[in-house]
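To keep things clear, I will list the structure first and then write my remarks on it.
Every heavy atom of this structure was used, including side-chain atoms; hydrogens, water molecules and symmetry mates were not.
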Amino acid sequence: MPAVSVGDRAVHGWNPAGYAELLGVPYAANTQLPVRELARRMDRILESAQGLVQRFDAAQLDVIPPERKRSIRDLAFHVFRVGLSFIDTMDQGRMPDTWFEERAPAGMQDGGDVARWGALVRGRITGWFEGARDDEFERVLEIYYGPQGAHDLLERTTWHCGQHLRQLYVLAERMGVTAPAPLPTEAFKGLPLPDAIW
């Protein structure tokens, strides 16, 4: 489990405000986007991933880039699994780290296979948000790195998907795969994405 410790005090999980307090440094969090806007952004990111991934052939998906320990197929699968993990966590109240270790099943041979699964994932996510009440996002969930509020987890999930989409665009360009549209940078505005792609 990730943690920051000073002496006998520690802060677990993803908690920038808690880290700042522990270290005695000032911290000003960005204004968090509203839940429904985060859901819209995540769908836009996954839509872009779906369009890009379907352009990779089976051989290209087998490539393991030097920056990653997983194939492009597994990275493409992972983008959608990350999005789905939010819904699974809301349904189950907990998120094990094993969800992020999952690999694309054997039947996902080419980009079209991954993109079709991505369409199913997007449908499930969209349907879940259509039925969700606003008070559901006040819940605290058990995450493998420590407790986290649902709104915070949605923000983290959205930028996590966006980070991997950025990586897929870099890999597509490197391999000569033409993206169907430019990287949707408008979907990243207001999200705490890291500066580094990898």
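The side-chain heavy atoms of Trp159 and Pro194, taken from C-beta on, include a pair separated by under 4.5 Å. Between Leu120 and Phe80, the closest side-chain pair of non-hydrogen atoms is not below 4.5 Å. By the 4.5 Å heavy-atom criterion applied to side chains, Pro184 and Leu165 are counted as neighbours. In this structure the side chain of Thr158 reaches within 4.5 angstrom of the side chain of Ile45, judged on heavy atoms. Gln32 has its side chain within reach of Asp152: a pair of non-hydrogen atoms, C-beta onward, lies under 4.5 Å apart. Contact of the Glu102 side chain with the Thr98 side chain is not registered, since no non-hydrogen atoms from C-beta on lie closer than 4.5 Å. Between Met175 and Ile72, the closest side-chain pair of non-hydrogen atoms falls below 4.5 Å. Phe188 is listed as a side-chain neighbour of Leu183, based on a closest heavy-atom distance under 4.5 Å.
Side-chain contact of Arg156 with Gln148: a donor-acceptor pair under 3.5 Å is absent, judged by distance alone.
Sorted by first and then second residue, the ring pair (Phe, Tyr, Trp, His ring centres under 6.0 Å) pairs with a member in residues 102-123 read Phe77-Trp117; sequence neighbours excluded.
Classified by interplanar angle (parallel below 30°, tilted 30° to 60°, perpendicular above 60°), the ring pair Phe129/Phe137 is parallel.
When hydrophobic clusters are built by joining Ile, Leu, Val, Met, Phe, Trp and Tyr residues whose side-chain heavy atoms come closer than 4.5 Å, directly or via intermediates, Val82 is grouped together with Tyr144.
Rounding to the nearest 0.5 Å gives a distance of 12.0 Å between CD1 of Ile64 and NZ of Lys69. The structure places CG of Asp113 at 4.5 Å from CG of Asp110, a figure rounded to the nearest 0.5 Å. To the nearest 0.5 Å, the span separating CZ on Arg94 from CD1 on Ile143 amounts to 9.5 Å. Taken to the nearest 0.5 Å, the CG atom of Leu153 stands 6.5 Å off from the OG atom of Ser85. Atom CD of Glu67 and atom CG of Leu171 lie 6.5 Å apart (nearest 0.5 Å). Atom CZ of Arg116 sits about 9.5 Å away from atom CE of Met108, to the nearest 0.5 Å.
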| Evaluation steps, side chain to side chain contact (heavy atoms under 4.5 Å, CB included), between Ile125 and Phe86 | CA-CA 9 Å; Ile125 293 171; Phe86 176 78; over 6 Å; no

| said: Glu155 vs Leu33, test: side chain to side chain contact (heavy atoms under 4.5 Å, CB included). Steps then yes/no. | reply: CA-CA 8 Å; Glu155 179 184 62; Leu33 295 169; 5.8 Å; no

| said: Checking His151 against Leu38 for the side chain to side chain contact (heavy atoms under 4.5 Å, CB included) test, could you report, in this order, the C-alpha distance in whole Å, the side-chain angles of both residues, the deciding distance, and whether it holds? | reply: CA-CA 9 Å; His151 192 164; Leu38 287 168; 3.7 Å; yes

| said: With side chain to side chain contact (heavy atoms under 4.5 Å, CB included) as the criterion, how do Leu193 and Arg166 come out once you've worked through the C-alpha distance, each side chain's angles and the decisive distance to 0.1 Å? | reply: CA-CA 10 Å; Leu193 267 84; Arg166 291 166 68 195; 3.3 Å; yes

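The side-chain hydrogen bond (donor to acceptor under 3.5 Å, both in side chains) test applied to Arg124 returns Asp88, Asp91, not counting sequence neighbours. For Arg55, the side chain to side chain contact (heavy atoms under 4.5 Å, CB included) partners two or more places apart in sequence, or in a different chain, are Val177, Thr178, Pro180. In this structure, Arg9 has no side-chain hydrogen bond (donor to acceptor under 3.5 Å, both in side chains) partners at least two apart in sequence or on a different chain. Residues forming a side chain to side chain contact (heavy atoms under 4.5 Å, CB included) with Arg68 (at least two apart in sequence, or on another chain): Pro65, Arg70, Leu75, His164, Gln167, Trp198. Looking at residues two or more places apart in sequence or on another chain, you find no side-chain hydrogen bond (donor to acceptor under 3.5 Å, both in side chains) involving Asp57.
Checked for salt-bridge contact, Asp43 and Arg40 miss the test: no charged N lies under 4.0 Å from a carboxylate O.
Side chain of Glu142 to backbone of Met95: no donor-acceptor contact under 3.5 angstrom is found. A donor-acceptor pair is defined here as one N or O able to donate and one able to accept, closer than 3.5 Å; such a pair exists between the side chain of Glu136 and the backbone of Arg133. No donor-acceptor pair under 3.5 Å is formed between the side chain of His160 and the backbone N or O of Gly83. The backbone N or O of Phe100 sits nowhere less than 3.5 Å from a side-chain atom of Arg81 that would complete a donor-acceptor pair. Arg41 places a side-chain N or O within donor-acceptor distance of the main-chain N or O of Lys189, the cut-off being under 3.5 Å. Gln163 places a side-chain N or O within donor-acceptor distance of the main-chain N or O of Ala196, the cut-off being under 3.5 Å.
Residues Leu61 and Gly111 come closest through the heavy atom pair CD1-N, 3.3 Å. Between Ala172 and Leu52 the shortest heavy-atom distance is CB-CD1, 3.8 Å. Taking each heavy atom of Cys161 and Met42 in turn, the nearest pair found is SG-SD, 4.2 Å. Closest approach of Ala115 to Gln54, counting heavy atoms only: CB-CB, 3.7 Å.
For Glu173, the CD atom is loosely surrounded, since the number of other residues' heavy atoms within 6.0 Å does not exceed 12.
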